[in-house]
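Presented below is the structure to which this report refers.
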Amino acid sequence: MARIAIYCVTYNSYECVDKFVRSVVDAAQTQATPTDVTVYIADNTAEDIKPISTKAEGIRVVVFPFHKNIGYFGAINRMMSETDYKSYDFVIISNVDIELDKCSLNKLASDYGAGNSGRIGWIAPKIYSATERRDRNPKMTARYSLKKLKMLRFLFNHPVLYHLYRCTAYRRKKYQSHEAGEIYGGHGSFIILTKMYFERCGIINYPVFLFGEEIYLAEQCRQQGLKVVYDPTIAVKDTEHASTGNMPSRFYCNCNAKALEYIMSAFY
């Protein structure tokens, strides 16, 4: 029996949590073979707090009422510190505005379970963006150069220039479909980590409030000789109802700049 843990964080997005859990229930019930699924939810909401139901057929739901915004991976780290994350065959880190395909967990367990994952640390699935109408994976096919990271940091340190970039060059980017295979890193809205990842890399300990999580995980895998693979046969949908795009521009840019500063100092 494959054991799957799903860790997610909500911040003022209760309506998304219910839909997310329902999609997990549907996916768990579609399993061809028995699978043990637990959803861990960190509630970082500080005001207008609402109860989160732990009733879900066929899966376990555990809520951590932090009620303080301790960041994305800050909340993930705290939940993992209080749970037996190493006992799971797969650990999924997900946004709550994600909807799982009904066959996603079955594909994961059947294709990568029972020791079939080898030296794979991270599986990047197809993440269909309802807004951009495309697969958001693979996000990074190759490692970023230090020059590119410095360029991005410069843009984030100058929000007006970053806004111009978003309105011009970014919108003209052409996206291409990719075949399944090894990549540098996936998109952070739905991350599948294997047992091997935690055996080699240990608990997730990323000391940044928000952003840069994908590069952190990719570097952890690279340093430990683990593979990151893109597999579009495992699919989810990103509805982006809890998008960070709603954050104030200056705060968004400041968080990104700090994340890049840490990434460059820690891995470059």
Side-chain angles (χ1 to χ4, degrees), residues 1-8 20-21 23-40 58-60 73 76 79-80 83-95 98-128 135-141 177-204 213-238:
M1 177 185 291
R3 301 188 70 234
I4 301 173
I6 303 176
Y7 291 86
C8 59
F20 174 71
V21 172
S23 78
V24 175
V25 169
D26 289 343
Q29 292 177 341
T30 309
Q31 293 290 82
T33 56
T35 301
D36 184 299
V37 180
T38 303
V39 178
Y40 296 106
I59 68 171
R60 286 186 296 275
F73 270 25
I76 296 297
M79 284 192 290
M80 286 186 172
T83 57
D84 189 13
Y85 65 93
K86 285 188 175 181
S87 68
Y88 292 97
D89 297 296
F90 304 99
V91 169
I92 296 172
I93 301 172
S94 177
N95 289 355
I98 291 287
E99 295 177 7
L100 277 68
D101 181 88
K102 288 185 177 181
C103 298
S104 57
L105 297 182
N106 186 58
K107 285 289 295 179
L108 175 63
S110 62
D111 292 357
Y112 297 96
N116 292 332
S117 59
R119 293 182 62 81
I120 296 172
W122 177 2
I123 302 163
K126 176 181 179 180
I127 303 176
Y128 180 77
D135 185 357
R136 305 187 81 173
N137 268 327
K139 182 172 183 179
M140 300 174 287
T141 56
S177 60
H178 292 268
E179 296 182 355
E182 191 169 351
I183 60 173
Y184 170 67
H187 195 275
S189 59
F190 195 84
I191 299 162
I192 304 171
L193 300 175
T194 66
K195 182 183 284 287
M196 178 67 75
Y197 174 89
F198 293 100
E199 289 176 355
R200 293 295 183 88
C201 305
I203 193 171
I204 289 174
E213 298 89 357
E214 299 102 331
I215 302 178
Y216 165 78
L217 293 175
E219 285 297 306
Q220 293 289 96
C221 288
R222 186 185 69 86
Q223 290 184 343
Q224 296 301 322
L226 297 176
K227 294 180 180 180
V228 181
V229 297
Y230 166 58
D231 186 346
T233 66
I234 302 171
V236 301
K237 180 181 178 181
D238 190 348

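Applying the salt bridge (charged side-chain N to carboxylate O under 4.0 Å, His left out) rule to K107 yields the partners D111; only residues at least two apart in sequence or on another chain are considered. A search for salt bridge (charged side-chain N to carboxylate O under 4.0 Å, His left out) contacts involving R222 returns E219, not counting sequence neighbours. For D101, there are no side chain to side chain donor-acceptor pair (under 3.5 Å) partners at least two apart in sequence or on another chain.
The shortest distance between side-chain heavy atoms of V228 and L217 does not fall below 4.5 Å. By the 4.5 Å heavy-atom criterion applied to side chains, Y197 and V91 are not counted as neighbours. Between T141 and Y230 the shortest side-chain heavy-atom distance does not fall below 4.5 Å.
To the nearest 0.5 Å, atom CD1 of residue I234 and atom NZ of residue K126 are 13.0 Å apart. Here NE2 of H178 is found 10.0 Å from CG of N137. Values are rounded to the nearest 0.5 Å. Note: I76 CD1 to Y40 OH = 12.0 Å, rounded to the nearest 0.5 Å. A distance of 7.5 Å separates CD1 in I203 from OG1 in T83, rounded to the nearest 0.5 Å. In this structure, OG1 on T194 lies 6.5 Å from CD1 on I123, to the nearest 0.5 angstrom. Note that OH of Y7 and OG1 of T38 are 8.5 Å apart. Values are rounded to the nearest 0.5 Å.
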Q: Before giving the answer on side chain to side chain contact (heavy atoms under 4.5 Å, CB included), spell out for F190 and L100 the whole-Å C-alpha distance, their side-chain angles and the decisive distance to 0.1 Å.
A: CA-CA 10 Å; F190 195 84; L100 277 68; 3.9 Å; yes
- Query: Stepwise, does the side chain to side chain contact (heavy atoms under 4.5 Å, CB included) test hold for I192 with Y112?
  - Reply: CA-CA 11 Å; I192 304 171; Y112 297 96; over 6 Å; no
Tell me, with the steps shown, if T30 and L105 meet side chain to side chain contact (heavy atoms under 4.5 Å, CB included). CA-CA 8 Å; T30 309; L105 297 182; over 6 Å; no
Practice problem: Could you go through the side chain to side chain contact (heavy atoms under 4.5 Å, CB included) check for I98 and S23 one step at a time? | Solution: CA-CA 8 Å; I98 291 287; S23 78; 5.9 Å; no
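If you look at Y85 and F198, their ring centroids are closer than 6.0 Å.
At least one donor-acceptor pair under 3.5 Å links the side chain of R200 to the backbone N or O of Q224. Of the possible polar contacts, one joining the E214 side chain to the G188 backbone as a donor-acceptor pair under 3.5 Å is found. Remark: the backbone N or O of P125 is not paired with any side-chain donor or acceptor of D231 at under 3.5 angstrom. A donor-acceptor contact shorter than 3.5 Å links the side chain of D89 to the backbone of R3. In this structure, the side chain of S104 does not engage the main chain of V236 through any donor-acceptor pair within 3.5 Å.
For the residue pair A218 and G185, the shortest heavy atom distance occurs at CB-CA, 4.2 Å. The shortest non-hydrogen separation linking A2 to A109 is CB-CB, 4.0 Å. Smallest separation of non-hydrogen atoms from D135 and I127: OD1-N, 2.9 Å. Scanning all heavy atoms of the two residues, the minimum distance from F90 to G113 falls at CZ-N, 3.8 Å. Smallest separation of non-hydrogen atoms from M140 and I215: SD-CG1, 4.0 Å.
Within 6.0 Å of NZ in K195 there are more than 12 heavy atoms belonging to other residues, nucleotides or ligands.
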